[in-house]
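Take a look at the structure set out below.
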Amino acid sequence: MTATLTQVSIAEALTTVTPDGLPFRFTAYDGSATGPEDSPIHMHLATERGLSYILTAPGDLGMVRAYVSGDLEIEGVHPGDPYELMKMMLNHVHFERPTPSEALRIVRGLGWNHLKPPPPPPQEHLPRWRRTFEGLRHSRTRDKAAIHHHYDVSNTFYEYILGPSMTYTCAVYPAADASLEEAQYEKYDLVARKLDLRAGQRLLDVGCGWGGMVRHAAREYGVRALGVTLSAAQAEWAAAAIKRDGLEDLAEVRFSDYRDVAERDFDAISSIGLTEHIGVRNYPSYFGFLLDRLRPGGRLLNHSITRADNRYRSVGAFIDRYIFPDGELIGSGRIITDAQDAGFEVRHEENLREHYALTLAAWSRNLKSHWDEAVTEVGYPTAKIWGLYLAACRVGFEQNTTQLHQILAVKLDDEANAHFPLRPTWGA
Ligand SMILES: C[S@@+](CC[C@H](N)C(=O)[O-])C[C@H]1O[C@@H](n2cnc3c(N)ncnc32)[C@H](O)[C@@H]1O
């Protein structure tokens, strides 16, 4: 027997993924403990199954599985807003799965004979959602099922988190202490001003969610607006909201894939939070399609989450398996390049990264304040997943892992005229 096979405690084994030591208290079912005793945050690994999740799943997925299944218990942070813990975790825990030989060393050290991955919790979408060629290709059927998974959860649950605007994208804060509603209004209005919307024009909003942009354009600008979403629940909610607001003559939300929009000659197109869903390899056909739907001189505003660099990576195992199946992110450089290569003239872009951190903080506050109703609506494990997801995304924007870019582009007319002012005046 070598020294590596000496019996170790779980707390000792944990040092593999936390070489700098833990900034919070950790205890395990074998009685071992590590981290500061006086920490307000306490994580307890209650079962052997939880440890198996952590040792066998890639990246952050093992911890998430253990947390969702209840094998990893957390005290000292609210499950609806575990931001403080996520910040510590992302700064101190190395989310790489131990190599097979390291895992074997740990397992033997723990005195186990074998290491078998336990079945994932039922909230996870494996193996159905295993990344396959079809997932990368983003076929219509596959995309519809992925969107159904994420968006048809429950409109009521989304209402708790998103608030009355039912807007599920980055808001634009006129001031850091503005309300979420004010900031979502400002976001829609900024998009409208960048697109230079005017009464009587026609707007296409691809990936329209619950119809926020469509209703804003119709109500505030007298624009005839068509929105398309792949979520039936969203389309239903949006239709009721349009009726309630008396906007039926101007606004329409259709349950449809954007690729099935047959109308042409739109004056403007907004795409707010769709690019993340369509797959990087589909950007050329996506921008080609949008260019084809605009009239000469028409504008496109593309608003999307991006990475800080342009190297392709998936959204990460946790988000892919529990939140956005098949989501893909890349840098703004790649988005601009593909828009240009499709024939758009890109006129302006801005990074609203800090605004998304503020937006996510507001959503987390909303989830926390509606916690009991949210748990009743979707169940404790799903509510916990959402708490984790919102807090982790907030840290991602704060630390510049992710950004939010608005890109404004024009379809030139035959004389290469962009119909664009010498200096735009939509406000900072
Ligand atoms: C993050 S949400 C944003 C919704 C809305 N724009 C907002 O700001 O609240 C993404 C939207 O894209 C839609 N979507 C994703 N893929 C789509 C597709 N292929 N065709 C049409 N809509 C799609 C989803 O149904 C959802 O409405």
Side-chain angles (χ1 to χ4, degrees), residues 135 137-153 155 158-159 161-172 180-181 183-192 195 203-217 225-239 241 251-262 269-283 285-287 289-290 293 300-306 315 319 323-329 352 355-356 359-360 362-363 386 389-390 393 402 404 406:
R137 195 163 62 87
H138 287 268
S139 70
R140 280 170 165 70
T141 321
R142 171 86 175 207
D143 282 354
K144 203 168 170 182
I147 296 297
H148 174 70
H149 163 70
H150 186 66
Y151 293 103
D152 295 346
V153 184
N155 280 333
Y158 277 105
E159 277 168 356
I161 295 173
L162 305 180
S165 83
M166 282 297 263
T167 301
Y168 188 34
T169 42
C170 174
V172 176
L180 177 63
E181 284 303 293
Q184 289 297 8
Y185 183 97
E186 174 57 19
K187 186 265 297 296
Y188 285 133
D189 211 63
L190 180 64
V191 171
L195 291 173
L203 168 75
L204 172 62
D205 185 43
V206 288
C208 69
W210 292 268
M213 183 65 212
V214 163
R215 284 181 290 127
H216 188 92
L226 168 64
V228 286
T229 170
L230 261 189
S231 156
Q234 288 179 337
E236 205 176 300
W237 192 100
E252 181 194 347
V253 164
R254 203 178 281 169
F255 171 42
S256 158
D257 195 299
Y258 80 89
R259 291 163 284 196
D260 293 328
V261 172
I269 298 179
S270 46
S271 173
I272 308 175
L274 171 65
T275 322
E276 299 88 328
H277 286 291
I278 61 176
V280 174
R281 68 171 64 191
N282 295 316
Y283 289 178
S285 59
Y286 161 73
F287 284 115
F289 182 89
L290 299 186
R293 292 301 179 276
L300 164 68
L301 189 288
N302 204 87
H303 168 120
S304 66
I305 301 172
T306 52
V315 288
I319 304 272
I323 306 286
F324 280 118
D326 299 340
E328 291 177 38
L329 297 181
L352 296 164
H355 294 261
Y356 220 148
T359 308
L360 282 153
W363 291 344
W386 273 78
Y389 154 62
L390 297 176
C393 289
T402 43
L404 187 290
Q406 283 196 344

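Every number for a ligand or one of its atoms is a count from 1 in the order of the listing.
Within a 6.0 Å sphere centred on CD of E159, heavy atoms belonging to other residues, nucleotides or ligands number more than 12.
Remark: distances from the non-hydrogen atoms of G212 to ligand 1 are all 4.0 Å or more. Proximity of S270 to ligand 1 is not established, as no heavy-atom distance is less than 4.0 Å. Using a 4.0 Å cutoff on heavy atoms, V206 does not count as a contact of ligand 1.
Taking every non-hydrogen atom of S256 and a distance limit under 4.0 Å, the qualifying atoms of ligand 1 come out as 20 (N), 21 (C). Each of the following atoms of ligand 1 lies closer than 4.0 Å to a heavy atom of T167: 8 (O), 9 (O). Proximity to S231 (heavy-atom distance under 4.0 Å) selects the following atoms of ligand 1: 25 (O). For ligand 1, the atoms sitting less than 4.0 Å from at least one non-hydrogen atom of G209 are 4 (C), 5 (C), 27 (O), numbered in the order shown with element in parentheses.
In this structure, Y389 has its ring center no closer than 6.0 Å to that of W363. Less than 6.0 angstrom separates the ring centroid of Y158 from the ring centroid of W210.
Residue Y168 has at least one nitrogen or oxygen atom sitting less than 3.5 Å from a nitrogen or oxygen atom of ligand 1, judged on distance alone. Considering backbone and side-chain N/O of T169, one or more are found under 3.5 Å from N/O of ligand 1. Taking any N or O of K187, backbone or side chain, none lies under 3.5 Å from an N or O belonging to ligand 1. No N or O atom of G273 sits closer than 3.5 Å to an N or O atom of ligand 1. The distance criterion of under 3.5 Å between nitrogen or oxygen atoms is not met by H277 with respect to ligand 1. Annotation: L274 places no N or O atom under 3.5 Å from an N or O atom of ligand 1; distance criterion only.
Contact between V280 and E328 at its shortest, heavy atoms only, is N-OE1, 2.9 Å.
Taking the side-chain contact (heavy atoms from CB on, under 4.5 Å) definition, one finds that A239 meets it with nothing, sequence neighbours left out. Listed by chain and number, the residues in a side-chain contact (heavy atoms from CB on, under 4.5 Å) with T306 are S304, S332, I335, Q403, H405 (sequence neighbours excluded).
Ring geometry for Y286 versus Y283: interplanar angle of 30 to 60°, hence tilted.
At a cut-off of 3.5 Å, with distance as the only test, a side-chain donor of T169 or K187 sits close to an acceptor on the other residue.
In terms of modelled atom types and a separation under 3.5 Å, the side chain of D257 and the main chain of L230 share no donor-acceptor contact. Checked by atom type and distance alone, the side chain of T229 never pairs as donor or acceptor with a backbone atom of C208 at under 3.5 Å.
When non-hydrogen atoms are compared, ligand 1 lies under 4.0 Å from neither the backbone nor the side chain of E276.
Nearest residue to atom 21 (C) of ligand 1 from Y188, Y286, Y258 is Y258 (criterion: closest heavy atom).
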